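As structure tokens, the structure follows; a few thoughts come after it.
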2 protein chains.
Amino acid sequence: MARRKDHTREELKALILQSAWQIVEEQGLPQLTARNIGKAIGYVPGTIYNVFPSMEILQLHLNGITLQRLSDHLEKSSKATQGKPLEKRLQTLAKAYLNFAMEFQPQWMTLFAQDLSEIKDREQWYKDLINNMFSPLELILTDAQKSPASVRRKDQIRKDSQILWSSVHGITYLWMTGKLPITDIESQQNKKKNSQDWEYMVSRLINTYIAHWQNEK
Amino acid sequence: MARRKDHTREELKALILQSAWQIVEEQGLPQLTARNIGKAIGYVPGTIYNVFPSMEILQLHLNGITLQRLSDHLEKSSKATQGKPLEKRLQTLAKAYLNFAMEFQPQWMTLFAQDLSEIKDREQWYKDLINNMFSPLELILTDAQKSPASVRRKDQIRKDSQILWSSVHGITYLWMTGKLPITDIESQQNKKKNSQDWEYMVSRLINTYIAHWQNEK
DNA sequence: CCAAAATTATGAACATCGTTCAATATTTAG
DNA sequence: CTAAATATTGAACGATGTTCATAATTTTGG
């Protein structure tokens with residue numbers, strides 16, 4: 001073997017990540033191994049270490065792709081609801097988040113399977129991706145302001161978007177991973193067919209928050 | 001070697017779980033291996049498989065202990081605030097959750113590092129533990145009702161407690177794992193000294209929710 | 001009380017994992 | 001065209017979960 005392939009560094013990197021995306025999607029995170037990736041792209045495991053310093057960093061880059069696609073998905077939802085009432089826009093955005101989580105469940109779960117405490121300092125780009133993810137929500141909240149936003153209001157919006165997002169995420173995560181008490185037995189066997197519980201919880205959360213938000217103005 | 005020890009099945013089980021708790025606390029989840037446990041309790045790795053069918057199930061039982069301690073902790077907080085205003089009680093309960101998560105961070109993180117989708121059906125006891133964890137919150141919400149609770153109200157309280165809990169958990173989880181945009185740089189280096197962001201977010205969430213709750217009555 | 005059956009712990013083995021690195025094959029430079 | 005630089009390999013190391021025949025110990029039953 002030992003034949004040098006016609007792949008730029010960047011091409012190889014893209015190839016690896018694309019194959020990683022596919023492996024996680026089809027076989028789950030535990031099968032994301034250097035050997036499986038190598039097998040998929042016609043390289044030996046060691047080659048991957050010429051492109052990524054460790055499997056952990058490779059997974060971080062895979063998460064980066066997932067975050068980027070999620071951001072795009074959310075932004076699309078946000079733009080599609082321009083002009084509609086605040087409540088409707090937030091519900092739609094939350095539903096977009098759930099849809100993404102369900103469609104790409106393994107990749108979405110992988111986002112939370114990694115401990116960032118030791119790498120995040122060196123990987124600023126990843127923090128930027130997280131930040132970007134909040135933009136669509138911040139935009140929606142900003143649009144809902146009638147008077148022009150002051151600096152103080154901008155900070156407040158940033159905070160509120162984080163609260164809302166974390167709450168919706170908490171409901172979505174616990175619901176999807178079966179870590180909430182189950183009310184509907186049937187829904188346990190096929191989550192995709194019954195997101196009633198989720199919808200009720202999220203809509204009530206959003207309505208509550210909006211009511212208070214409108215009062216404050 | 002091969003000397004049979006003076007340990008009941010149950011004693012050995014307790015010994016293993018106790019040692020597992022300690023290993024996770026001191027060395028983190030990745031060091032929770034059959035070999036490390038064996039070394040700690042003076043047995044060979046294979047012995048553990050006489051008590052637990054797999055490391056995955058062992059970890060589930062460890063999570064059971066964590067859930068039980070968390071429940072106790074929350075119940076204590078709930079009882080300590082009896083008679084106080086609803087808002088105060090919820091803030092205190094949420095703070096109790098954060099305290100537990102910070103004090104036993106590795107064990108608490110382990111709760112969410114496991115995919116339950118394939119085991120939960122066979123392990124009803126674990127679902128019961130999750131259910132129990134909601135009791136203190138449900139009790140607080142029930143106490144806040146002035147008129148006696150109807151059946152409909154009881155269901156509503158159950159739902160509301162799940163919404164509130166999931167939201168607080170979402171904020172806590174994302175905040176603790178560094179998956180939220182950081183506003184305060186200093187807090188990143190030493191979280192224990194600065195939970196300002198967390199406190200602001202949770203208190204605003206709770207206040208908002210309470211305001212709506214009180215209006216409904 | 002002792003031999004036979006049942007139980008319990010052992011240690012070696014297997015496949016797989018992340019990772020390293022000297023050796024080899026290929027490309028680039030002079 | 002030779003020599004330096006680079007890319008890829010394949011073998012190896014230590015560690016993991018798990019299995020299982022073997023050996024050690026306890027229990028049983030006559």
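What you are looking at is a predicted structure, and each value in this text was computed from that prediction instead of being measured. Chain letters run A, B, ... following the sequence lines, proteins first, then strands; residues in each count from 1.
A residue-by-residue look at Met55(A) and Val44(B) shows that Val44(B) has its nearest nucleotide of DNA chain C further toward the 5' end.
As rounded to whole Å, 17 Å separates atom P of dT16(C) from atom CD1 of Ile37(A). Across the protein-nucleic acid pair, Ile57(B) atom CD1 and dT18(D) atom C1' stand 14 Å apart, rounded to whole Å. For the pair Ile48(A) CD1 and dA7(D) C1', the interatomic distance rounds to 14 Å; values are reported in whole Å. The interatomic distance linking Asn36(A) (CG) with dA15(C) (P) rounds to 17 Å, in whole Å. Protein atom CD of Gln27(B) is 14 Å distant from nucleotide atom C1' of dA15(D), rounded to whole Å. Atom CD of Glu11(A) is separated from atom P of dA7(D) by 13 Å (rounded to the nearest Å). Rounding to whole angstrom units, CG of residue Leu12(A) and P of dT9(D) are separated by 10 Å. Rounded to whole Å, the distance from CD1 on Ile23(A) to P on dT16(C) is 15 Å.
Crowding of Gln27(A) atom CD: a count of heavy atoms from other residues, nucleotides or ligands under 6.0 Å exceeding 12.
Relative to the side chain of Tyr49(B), the nucleotides dA9(C), dT19(D), dG18(C) differ in distance, and dT19(D) lies closest. In the set dG10(D), dT16(D), dT8(C), the nucleotide with an atom closest to the side chain of Asn50(B) is dT8(C). In the set dG17(D), dT9(D), dA9(C), dA9(C) carries the atom at the smallest distance from any side-chain atom of Tyr43(B). Side-chain proximity of Arg9(A) to the nucleotides dA7(D), dA9(C), dT10(C) is greatest for dA7(D).
Closest approach of Ala101(B) and Met176(B) over heavy atoms only: CB-SD, 3.7 Å. Between Leu74(A) and Tyr97(A), the shortest heavy-atom distance links the atoms CD2-N, 4.1 Å.
Backbone-only engagement by Leu32(A) is indicated by non-hydrogen atom pairs under 4.0 Å involving sugar-phosphate atoms exclusively. Counting any heavy atom pair closer than 4.0 Å across all strands shown, Leu58(A) reaches no nucleic acid atom. Using a 4.0 Å heavy-atom cutoff across all strands shown, Thr33(A) reaches sugar-phosphate atoms only and no base atom.
Residues Trp21(A) and His61(A) keep their aromatic ring centres 6.0 Å or farther apart. If you look at Phe112(A) and His169(A), their ring centroids are closer than 6.0 Å.
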Between the protein and nucleotides 11-13 of chain D, list the N/O to N/O atom pairs that are separated by less than 3.5 angstrom.
none

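Here the CG atom belonging to Asn99(B) is positioned 5.5 Å from the NZ atom belonging to Lys95(B), to the nearest 0.5 angstrom.
Contact annotation: Ser54(B) side-chain N/O to dG17(D) OP1/OP2 distance is not under 4.0 Å.
For Ser19(B) (side chain) and Leu15(B) (main-chain N/O), no donor-acceptor pair under 3.5 Å exists by modelled atom type.
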